[in-house]
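Each remark here refers to the structure printed beneath this line.
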Amino acid sequence: MKKITLLLLLLSFLISCTGELKKENEELRAQVSNLQTENKNLQDELTSFRMDPANLLAKAERFYSEKNMDALRGTVLNFDIYHPTSELKNQVVDMITKLENEKKKEIAEQERIKKLEEQKKLASVNKLKKRLDDVSGVTWYTNPYFTHYNNRNLTSLYIGQNGSSVWLRIKMSYQGEDWIFFENAYLSYEGKTKEIVFDEYENKETEVGNGGVWEWIDVTVSEYDIPFLKNLAKSTDSKMRLTGKYTKTRNLSSNERKAIEDVLLAYDVLKGR
């Protein structure tokens, strides 16, 4: 009898606990539902604030200053969704149109500059003196500003072309009363120096004539030297130096620098660059 009584008491206790748990669970569900409702209301308020026409326009003005075309188009889409009748949308559309026109002008200006550069390159070829060696089949292109005689203190470039083969050569010469017996040749500008490598026996020539002695070299230019030569032509601090037993250093004249620049432009055209 006692066991039955204990079981009944235990069963009653469990039923009571279950009821309490059910009640607490229902209260928690109600709280969660309330929080979800409050969260949705807050989200709606935030969206309403963010999508306010004045705020959308303010963002559009920032996007316009940043030239962010995609963000501007996104703003127009937000106007269509949240404020399809707002007149402020037209201001954003105008911003897009202005940016599109600016882009078109920018592209047109780039095309104009590109065309001028191409015309300049083509003109540089026509500007050069052209001589065909009908025995070797080589056409030689030299600068129009001076003839590089061996008995001059000069540096110059010239181009050889035979069919599809195009190459560049450099000539550096010395004239004076005394020999310098140079074994090394250098070009420099603004503290940057490039050695013009040559073979003393194959590439160097000497001669005695009216006005003193002459020493000169005439060698092929490496493609790796071309960027240096382009910068050399633009610098007013360009120098040539021939050194051996004695040394001769001189600044390149404006004619020399202009001649180097024009020959390099023509070389790029003939190489198809």
Side-chain angles (χ1 to χ4, degrees), residues 117-118 120-133 136-150 152-175 180-206 214-244 247-273:
E117 289 175 349
E118 290 174 352
K120 184 179 179 182
K121 284 185 176 182
L122 291 173
S124 68
V125 177
N126 296 328
K127 185 188 294 185
L128 300 187
K129 299 175 184 176
K130 184 177 177 181
R131 178 178 62 84
L132 172 64
D133 184 337
S136 66
V138 175
T139 299
W140 297 103
Y141 297 86
T142 55
N143 78 82
Y145 304 104
F146 57 85
T147 300
H148 193 155
Y149 296 109
N150 297 331
R152 297 286 188 274
N153 289 302
L154 288 171
T155 291
S156 71
L157 298 177
Y158 65 100
I159 302 168
Q161 182 181 32
N162 191 345
S164 61
S165 180
V166 181
W167 62 96
L168 192 64
R169 295 185 68 86
I170 187 169
K171 188 173 183 178
M172 300 175 72
S173 57
Y174 160 77
Q175 182 275 332
I180 58 174
F181 302 106
F182 74 84
E183 299 172 350
N184 302 97
Y186 303 94
L187 292 171
S188 71
Y189 71 93
E190 300 167 15
K192 299 177 180 63
T193 302
K194 171 75 67 176
E195 181 177 4
I196 305 302
V197 180
F198 65 94
D199 186 291
E200 186 176 356
Y201 300 101
E202 292 185 5
N203 306 126
K204 184 181 177 184
E205 301 287 344
T206 62
W214 317 336
E215 301 178 53
W216 71 93
I217 56 170
D218 190 334
V219 295
T220 301
V221 174
S222 166
E223 284 285 326
Y224 296 107
D225 294 334
I226 290 177
F228 177 89
L229 293 171
K230 287 182 176 180
N231 290 327
L232 177 86
K234 296 175 182 177
S235 175
T236 57
D237 187 41
S238 300
K239 297 181 179 69
M240 66 168 282
R241 172 172 291 180
L242 304 174
T243 183
T247 296
K248 172 72 174 180
T249 303
R250 53 176 291 274
N251 291 329
L252 300 186
S253 68
S254 59
N255 268 356
E256 286 174 283
R257 290 188 287 105
K258 182 62 177 172
I260 291 171
E261 183 178 24
D262 283 351
V263 169
L264 289 173
L265 280 172
Y267 179 73
D268 282 344
V269 175
L270 294 174
K271 291 286 285 186
R273 294 200 287 244

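- Distance alone, capped at 3.5 Å, places no donor-acceptor pair between the E261 side chain and the A233 backbone.
- Note: T155 OG1 to R257 CZ = 12.5 Å, rounded to the nearest 0.5 Å.
- Distance check, rounded to the nearest 0.5 Å: CG of L232 to CE of M240 gives 11.0 Å.
- Among residues two or more places apart in sequence or in another chain, the side chain to side chain contact (heavy atoms under 4.5 Å, CB included) test is passed with N203 by F198, D199, V219.
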Quiz prompt | Worked verdict on K230 versus D268 for side-chain contact (heavy atoms from CB on, under 4.5 Å) | solution = CA-CA 11 Å; K230 287 182 176 180; D268 282 344; 2.9 Å; yes

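- Between S173 and W216, the shortest heavy-atom distance links the atoms CB-CB, 3.6 Å.
- Considering CD of Q161 and OG1 of T139, their distance stands at 6.0 Å, rounded to 0.5 Å.
- Distance NZ/K130 to CD1/I159: 11.5 Å, rounded to 0.5 Å.
- Within 6.0 Å of CZ in F146 there are more than 12 heavy atoms belonging to other residues, nucleotides or ligands.
- If you look at Y267 and Y141, their ring centroids are not closer than 6.0 Å.
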Could you list the donor-acceptor pairs under 3.5 angstrom formed by side chains in residues 162-172, with sequence neighbours left out?
residue, atom, partner, partner atom, Å
R169, NE, Y158, OH, 3.1
R169, NE, D218, OD1, 3.0
R169, NH1, T220, OG1, 2.9
R169, NH2, D218, O, 2.6
R169, NH2, D218, OD1, 3.3
K171, NZ, H148, O, 3.2
K171, NZ, N150, OD1, 2.5

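- For N126, there are no side chain to side chain contact (heavy atoms under 4.5 Å, CB included) partners two or more places apart in sequence or in a different chain.
- Judged as a side chain to side chain contact (heavy atoms under 4.5 Å, CB included), and not counting sequence neighbours, the contacts of E215 are Y174, W179, I180, F182, K204, T206.
- When every heavy atom of N143 is checked against every heavy atom of S156, the shortest pair comes out as ND2-CB, 4.3 Å.
- By the side chain to side chain donor-acceptor pair (under 3.5 Å) test, D262 pairs with K127, Y145, sequence neighbours left out.
- Annotation for L128 and A266: closest pair CD1-CB, 3.5 Å, computed over non-hydrogen atoms.
- E256 approaches N153 most closely through the heavy-atom pair OE2-O, 4.3 Å.
- Atom CG in L252 sits 15.0 Å away from atom NZ in K258 (nearest 0.5 Å).
- Counting only residues at least two apart or on different chains, the salt bridge (Lys or Arg N to Asp or Glu O under 4.0 Å) pairs with a member in residues 234-244 are D237-K239.
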Practice problem: Give the intermediate values and the outcome of side-chain contact (heavy atoms from CB on, under 4.5 Å) for residues R131 and T142. | Solution: CA-CA 8 Å; R131 178 178 62 84; T142 55; over 6 Å; no

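- For R250 against S253, the heavy-atom pair with the smallest separation is NH2-N, 4.2 Å.
- Considering CH2 of W214 and CZ of R152, their distance stands at 8.5 Å, rounded to 0.5 Å.
- Taking each heavy atom of L154 and T147 in turn, the nearest pair found is CD1-O, 4.4 Å.
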